[in-house]
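Chain A is the first sequence line, chain B the second, and so forth, proteins listed ahead of strands; every chain is numbered from 1.
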Amino acid sequence: MNTKLDSVLLPRKKFIYHYKNMRWAKGRHETYLCFVIKRRVGPDTLTFDFGHLRNRNGCHVELLFLRYVGALCPGLLGYGGPGEKRLSYSITWFCSWSPCANCSTRLSQFLSRLPNLRLRIFVSRLYFCDMEDSREREGLRMLKNIGVQITVMSYKDFFYCWRTFVACKQSSFKAWGELHQNSVRLSRKLKRILQPLETEDLRDAFKLLGL
DNA sequence: ATTTTCAAT
C-alpha cells in the first residue's frame, strides 16, 4: 500500500552486503549513504527527514548528497537576502565507505561556508587508508579539523541503521561473525589516522629507535 | 600468507 515508504527503506540483503565491515570487501562497486536530518531550534533538535542514497553515474554518493542537501534542508543555504536568518541543521550519515580524498575536500569547502550545519559521519569501512601518506587519510584529518565528527560504526550503529533504514519487517538485526572485531580494528586505525601529525611523527621516531 | 576499495566491459 505505502509504496513510497517501501522505496525509502533498504532491502535487508543489500544493507548487509554493503555495510558488512569485513576486511576484504570484494566486488562492492556501490557505496550507500543512510542519513538522518534534524532541525536545530535552540537547544532542541527535531528529526526532519531520513533516507538513503547510493553513488550513481560516476558520482560519489557524498557529492550526490551535497547536490540534494539544499532541497533536503529548507532554509539551510538561504537566498543571500540581507539580515536573512538561515536555519540550523544537524546531519548524521552512515556510509558503507569512508569518503575519498576528493569528497573530503569538497565536503570541507562546503561545510566551512555553513556554520549552521553540523555533520557527523559514521563509516563501516575505511576507503584507501592503508598507506601512511594516503590522500584519503589526509582528507579525513581535514574533515576532523573543520569540526566533522568521524566514527567507525560499531554494533549499536549497525543496529540503529537496521531499525531506521532497512525494511526489516520485525526481523531483528543479526550481527555477522567478525562485526565487533572488525569494528574495533577499524576504530583503532581511524584513531591513529586522526591523531595530529606530531604524534604520528613521534611514533615513527619510536619505531626507528626500536621502542 | 594473501586477499579489496564509489567499475568497466
Side-chain angles (χ1 to χ4, degrees), chain A residues 7-37 49-72 91-111 117 119-144 146 148-154 157-158 160-162 164-166 175-194 200:
Chain A
S7 69
V8 163
L9 297 174
L10 218 40
R12 281 179 285 187
K13 276 186 179 169
K14 199 160 261 190
F15 176 80
I16 297 286
Y17 182 70
H18 286 286
Y19 278 87
K20 211 169 192 175
N21 61 0
M22 64 221 281
R23 187 163 191 130
W24 311 112
K26 213 170 188 167
R28 283 151 182 79
H29 300 299
E30 289 177 336
T31 295
Y32 281 79
L33 188 161
C34 294
F35 62 88
V36 177
I37 298 175
D49 202 0
F50 74 98
H52 72 267
L53 289 172
R54 61 157 237 237
N55 61 304
R56 281 182 191 282
N57 308 325
C59 182
H60 280 195
V61 72
E62 294 90 339
L63 300 186
L64 212 54
F65 186 87
L66 286 192
R67 214 182 273 177
Y68 296 144
V69 76
L72 287 167
I91 296 177
T92 302
W93 81 39
F94 302 85
C95 214
S96 50
W97 284 113
S98 60
C100 77
N102 182 47
C103 288
S104 291
T105 305
R106 299 278 296 275
L107 264 173
S108 301
Q109 288 167 346
F110 183 81
L111 291 167
L117 175 59
L119 179 63
R120 279 196 302 174
I121 298 179
F122 287 83
V123 301
S124 175
R125 301 180 301 265
L126 297 172
Y127 186 71
F128 280 110
C129 282
D130 286 344
M131 306 296 281
E132 285 288 334
D133 60 350
S134 86
R135 293 183 55 238
E136 274 64 29
R137 285 185 174 223
E138 200 53 58
L140 295 179
R141 282 191 285 266
M142 194 192 319
L143 283 171
K144 186 201 169 191
I146 61 151
V148 178
Q149 183 194 310
I150 312 169
T151 313
V152 168
M153 289 172 73
S154 65
D157 305 310
F158 291 111
Y160 172 82
C161 283
W162 182 264
T164 310
F165 305 107
V166 178
W176 47 92
E178 308 288 292
L179 186 154
H180 181 65
Q181 270 189 337
N182 287 338
S183 173
V184 168
R185 176 178 54 81
L186 289 166
S187 191
R188 285 203 192 110
K189 187 169 175 177
L190 179 63
K191 191 180 166 192
R192 282 198 305 272
I193 291 170
L194 295 181
E200 197 110 315

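As rounded to whole Å, 11 Å separates atom P of B/dC6 from atom OH of A/Y17. Between the OH atom of A/Y19 and the P atom of B/dT5 there is a distance of 18 Å, rounded to whole Å. The separation between A/F128 atom CZ and B/dT4 atom P is 11 Å, rounded to whole Å. What separates CG of A/N57 from C1' of B/dC6 is a distance of 12 Å, to the nearest Å. Note: CD (A/E30) to P (B/dA7) measures 9 Å, nearest angstrom. Per the geometry, OH belonging to A/Y32 stands 16 Å off P belonging to B/dT5, to the nearest Å. As a whole-Å value, the separation of A/H60 NE2 from B/dC6 C1' is 4 Å. At whole-Å resolution of the value, NZ in A/K20 and C1' in B/dT5 are 17 Å apart.
Distance check on atom P: B/dT5 versus B/dA1 gives 22 Å, rounded to whole Å.
In this structure, A/L66 CG and A/H60 NE2 are separated by 13.0 Å, a value rounded to the nearest 0.5 Å. Rounding to the nearest 0.5 Å places CH2 of A/W93 at 5.5 Å from CG of A/L33. Residue A/N182 holds its CG atom at 13.0 Å from OG of A/S154, rounded to the nearest 0.5 Å. Atoms CZ and CZ, from A/F15 and A/F165 in turn, are 9.0 Å apart once rounded to the nearest 0.5 Å.
The side chain of A/T31 sits closest to B/dC6 out of B/dT3, B/dT5, B/dC6.
One finds a side-chain N or O of A/Y127 lying less than 4.0 angstrom from the OP1 or OP2 phosphate oxygen of B/dC6. OP1 or OP2 of B/dA7 has at least one side-chain nitrogen or oxygen of A/N55 nearer than 4.0 Å.
Using a cut-off of 4.0 Å between Lys/Arg side-chain N and Asp/Glu carboxylate O, A/E138 and A/R135 are scored as not salt-bridged.
Side-chain rings of A/F158 and A/W176 approach one another, their centers coming within less than 6.0 Å.
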- prompt: Run the ring pair (Phe, Tyr, Trp, His ring centres under 6.0 Å) check on A/Y32 and A/H18 step by step: do they pass?
  reply: CA-CA 7 Å; A/Y32 281 79; A/H18 286 286; 4.7 Å; yes
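When heavy atoms are screened at a 4.0 angstrom cut-off, A/R28 is found touching the sugar-phosphate backbone but no base atom.
Donor-acceptor pairing under 3.5 Å, judged by distance alone, is absent between the side chain of A/W24 and the base of B/dT4.
Residues from residues 181-190 of chain A placing a heavy atom under 4.0 Å of any atom in DNA chain B do not occur.
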